[in-house]
Amino acid sequence: MDAYEHITVNSSLEPIGAEVSGVDLSQALSSEVIEEIHAAWLKHHVLFFHDQDMSPQAQVQFSANFGELDQYKFMQSVDETPYVIPIIKEADAKMNFGGGWHTDSSYQAIPPKATVLYAVEVPEEGGDTLFANATAAFEALSDGMKENLLRWQCVFSPKLVHGSSGFYKGKEAEKNLGSSYGGDESFAETEVLHPLIRTHAETGAKSIYCGMAHTVNIDGWSRDDSLPIFRYLTDHLTQDQFVTRFKWRQGSLAMWDNRCVFHYALNDYHGHRRHMHRVTIKGEKPA
Ligand code: SIN
């Protein structure tokens, strides 16, 4: 257990993440509690809370303690607030949302620094989420590799997933991802440049930031030339030594740092319903 005054932090989940208890997130939190949660989050990159009872408004109130809230562009929000999106896989759907390694919305000019995900309904078995430590993965690379990677910028775009020929198209996205899925078709084709290795705005640590879902190519390289680098880094990053597997319970809440964490929603629960609520918190331009 780490030493905190207002919360209990179990950090035995290494290589990434810690479980936090002793706090009711649905209540207004004191600045001391918020500071401790923030410190634990920066240290462990993803925090897990169990047995929480979060309405969409309570999830918004909790998330807003850590920054201005973002609005996701490809999913209609719940009725109660524009900041919470439903992530639902129905029992008869085959495809899930987030079922590949990624950091959230890294194709935005200002991607969200954090995601707060709450489990409304989860299957008894399956539907876990994997989290990978992109800082530890960068640090484990050899110096020569790091020097090269640090020089490169990459083109990021939503088009690989949400574009007119993206992964979600032609797969009955509405049936599989729910009728809330859809959204901004012109934004889906946009591109931005971000560094392949990102320096954390609060800790200064460097992390792998390119991935298979949202990174199109290294700037000035063809996609064919770039893909082996992205594949290598994804394989490297997702080795067991960098990954924690989180088993959700109804009422669990996870808060992760998109600047240094990749995640993957496992799709191994066909025939069962899984229903999550997601909030994202605005970050800064990756540097
Ligand atoms: C996401 O990628 O934001 C969703 C993750 C999950 O449903 O576990």
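Just so you know, ligand 1 is whichever comes first in the structure, and atom 1 is the first atom listed for that ligand. Keep in mind that what you see is a predicted model, and the values were worked out from it rather than measured. Hydrogens, waters and symmetry mates are skipped; everything else that's a heavy atom, side chains included, is used.
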For ligand 1, note which part of Leu117 has a heavy atom under 4.0 Å away: side chain, backbone, both or neither. side chain
Compute whether any side-chain donor of one residue and acceptor of the other, for His263 and Asp104, lie under 3.5 angstrom apart. yes
With only distance considered, is Trp248 within less than 3.5 Å of ligand 1 through an N or O on each side? no
Do the non-hydrogen side-chain atoms of Glu19 and His50 ever get within less than 4.5 Å of each other? yes
Residue, atom and distance of the protein heavy atom nearest atom 8 (O) of ligand 1 read Thr129 OG1, 2.6 Å
Check: Thr103 and Val261 side chains under 4.5 Å, non-hydrogen atoms: no
Can you report which non-hydrogen protein atom sits closest to atom 3 (O) of ligand 1, along with the distance? Arg278 NH1, 2.8 Å
Just go through His263, His102, Met75, Arg274 and tell me whose heavy atom is the nearest to atom 7 (O) of ligand 1. Arg274
Atoms of ligand 1 less than 4.0 Å from Gly98 heavy atoms? 2 (O)
Kindly indicate whether the side chain of Tyr118, heavy atoms from C-beta on, has any atom under 4.5 Å from the side chain of Ser252. no
For residues Tyr209 and Pro286, determine if any side-chain heavy atom of one lies less than 4.5 Å from a side-chain heavy atom of the other. yes
If you count the atoms of ligand 1 from 1 in the order shown, which ones are under 4.0 Å from a heavy atom of Ala265? 5 (C), 6 (C), 7 (O), 8 (O)
Atom 4 (C) of ligand 1: closest protein heavy atom, distance to 0.1 Å, is Ile87 CD1, 4.0 Å
Please indicate whether Asp53 has more than 12 foreign heavy atoms, meaning atoms of other residues, nucleotides or ligands, lying under 6.0 Å from its CG. no
Side chain to side chain, Phe187 and Gln108, heavy atoms closer than 4.5 Å: yes
In this structure, does ligand 1 have an atom that sits under 4.0 Å from one of the heavy atoms of Asp104? yes
